Amino acid sequence: MATHKTRMLIIGSGPAGLSAAIYGARAGMEPIVVQGLQPGGQLTITTDVENYPGFRDVIQGPWLMQEMQAQAEHVGTRMLWDTITEVDLSGSPFRAIGDSGDVYEGETLVIATGAQAKWLGAPGEQELSGKGVSACATCDGFFYRGKKVVVIGGGNTAVEEALYLTNHSQDVTLIHRRDNLRAEKILQDRLFAHPHIKVLWNKAVDHFVGGDSGLSGVSLKDTVTGEVSVEPTDGAFVAIGHAPSTELFNGKLEMDAGGYLLVEPGTPKTAIPGVFACGDVMDHVYRQAVTAAGTGCMAALDAERFLAEREFAATRA
């Protein structure tokens, strides 16, 4: 067991954590990034990335994260393979204990643990992920221009994704297992008024249909009659919400009803001075790699200011 000390400790290694690391390292803070269970974050399970600025051609998610990590290391970041199991936020230095038994101490702490899309768990879902099954319309909708798509869910996320997909498709079907939606009324009104969206009520996905060439349809079971049917489709978007990775901070930081960390509006600052949250762990609205990277930058700049102000105050004491 070892103790690792740094001026800026970063938990999580997706676009938010690595952007924080790049800015923190360039400011001489010698950050440590503890990579977590999914090094590179959600982009490592995303194949084609077409909306990250700076690349005219489609790039691969895992490649982009490798480049971000290499850049962070190049400017002075230490990447450590471990999973944090416990944190102590009672005061600076903030302490984190890894699954390895190692202890990490940071004068500032940047939380970039991200979020995970919720999946149905239906047969074929994971096998066809990236081959017609997706959990992000704004990420992947562009690849279904002029094709038939379905959205599965009944809350705000599902309705927003269905409406978004009409930018690319004139044949969008919303599939919901109940006979009414949970989404806000204004979103429902827009959905029902849209000429290119139809709704299939009381239908649950039994399994995803397809093979090596990709998705061809979804097998549905009527939740009232038990009748089974197949809805042909080129793309299926699972939109039943996201789960932020915030279990570590239960009872230690304020969260909203969905478990997302609360920050001072317009900043990555949590209620504890010196502790910052960035990326999908605090953003349930945009959830894009580029916005996560932006909040990671903000967290590093604010962490640098926090330390500078503390050191200035110490010289005046």
Side-chain angles (χ1 to χ4, degrees), residues 1-36 39-41 65 67-114 245-246 248-249 252-253 261 263-264 266-282 292-317:
M1 293 191 297
T3 299
H4 309 273
K5 298 185 179 185
T6 177
R7 302 191 77 204
M8 185 165 73
L9 176 61
I10 302 166
I11 305 176
S13 55
L18 292 177
S19 296
I22 290 164
Y23 275 82
R26 294 186 76 249
M29 298 172 76
E30 299 180 328
I32 287 175
V33 172
V34 183
Q35 293 186 290
M65 297 320 301
E67 290 296 300
M68 277 195 201
Q69 179 178 326
Q71 184 179 3
E73 290 177 307
H74 177 73
V75 290
T77 300
R78 275 200 292 161
M79 307 290 302
L80 296 177
W81 295 81
D82 206 348
T83 301
I84 299 302
T85 57
E86 190 179 334
V87 291
D88 179 357
L89 308 182
S90 57
S92 180
F94 305 104
R95 297 177 81 247
I97 299 171
D99 189 51
S100 65
D102 282 10
V103 176
Y104 304 86
E105 292 186 354
E107 293 175 50
T108 57
L109 175 65
V110 174
I111 300 166
T113 47
S245 301
T246 51
L248 272 175
F249 309 103
K252 298 177 181 180
L253 285 171
L261 294 180
V263 293
E264 183 183 311
T267 82
K269 298 175 182 175
T270 71
I272 298 177
V275 177
F276 307 91
C278 55
D280 286 11
V281 78
M282 47 71 83
T295 57
C297 161
M298 293 160 64
L301 294 177
D302 281 344
E304 183 189 359
R305 289 192 190 110
F306 169 81
L307 289 178
E309 288 167 7
R310 191 178 71 172
E311 285 160 11
F312 179 73
T315 64
R316 310 276 287 187

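Everything numeric in this text was worked out from a predicted model, so none of it was measured.
In this structure, NE2 on His4 lies 6.5 Å from CD1 on Ile32, to the nearest 0.5 angstrom. The distance from the CG atom of Leu253 to the CG atom of Leu109 is 8.5 Å, given to the nearest 0.5 Å. The OG atom of Ser19 sits 8.0 Å away from the CD atom of Gln71 when rounded to the nearest 0.5 Å. Distance check: Ile10 CD1 to Leu18 CG gives 8.0 Å after rounding to the nearest 0.5 Å.
With sequence neighbours left out, the side-chain contact (heavy atoms from CB on, under 4.5 Å) criterion links Thr113 to Ile11, Ile111, Ser245, Phe249, Val281. For Ala313, the side-chain contact (heavy atoms from CB on, under 4.5 Å) test picks out no residue, with sequence neighbours left out.
Here ring-ring contact (aromatic ring centres under 6.0 Å, His included) pairs that include residues 298-317, with residues two or more places apart or in two chains, number zero. Residue pairs meeting the salt bridge (charged side-chain N to carboxylate O under 4.0 Å, His left out) criterion with at least one member in residues 307-317, sequence neighbours excluded, are Arg7-Glu311, Glu107-Arg310.
With a 4.5 Å cut-off on side-chain heavy atoms, Met65 and Pro15 count as touching. Proximity of Ser92 to Thr108: side-chain heavy atoms (C-beta onward) are nowhere separated by under 4.5 Å.
Under a 3.5 Å cut-off, the side chain of Thr3 and the backbone N or O of Val103 do not form any donor-acceptor pair. Asp88 places no side-chain N or O within donor-acceptor distance of the main-chain N or O of Arg95, the cut-off being under 3.5 Å. At distances below 3.5 Å, not a single donor-acceptor pair connects side-chain atoms of Lys252 with backbone N or O atoms of Leu89. Formation of a donor-acceptor pair under 3.5 Å by the Thr85 side chain with backbone atoms of Ile97 is found in this model.
Between Met29 and Thr6, the shortest heavy-atom distance links the atoms O-OG1, 3.6 Å. Across all their heavy atoms, Val110 and Ala299 have their closest contact at CG1-CB, 4.0 Å. Listed here is the closest heavy atom pair of Ala300 and Gly24: CB-N, 3.8 Å.
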Using residues 267-276 as the side-chain source, report each donor-acceptor pair under 3.5 Å to any protein atom, sequence neighbours left out, with the distance given to one decimal.
from	atom 1	to	atom 2	distance (Å)
Thr267	OG1	Glu264	O	2.9
Thr267	OG1	Lys269	N	3.0
Thr270	OG1	Ile272	N	3.2
Thr270	OG1	Ile272	O	3.3
Thr270	OG1	Val275	O	2.8

Donor-acceptor contacts, no H, no angles, side chain residues 74-84, under 3.5 Å, sequence neighbours left out:
from	atom 1	to	atom 2	distance (Å)
Thr77	OG1	Ala21	O	3.4
Thr77	OG1	Ala72	O	2.9
Trp81	NE1	Gln35	OE1	3.3
Asp82	OD1	Asp99	N	3.2
Asp82	OD1	Ser100	N	3.2
Asp82	OD2	Ser100	OG	2.5
Asp82	OD2	Tyr104	OH	2.6

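Within a 6.0 Å radius of OH in Tyr23, no more than 12 heavy atoms belonging to other residues, nucleotides or ligands are found. Within 6.0 Å of CD in Glu30 there are 12 or fewer heavy atoms belonging to other residues, nucleotides or ligands.
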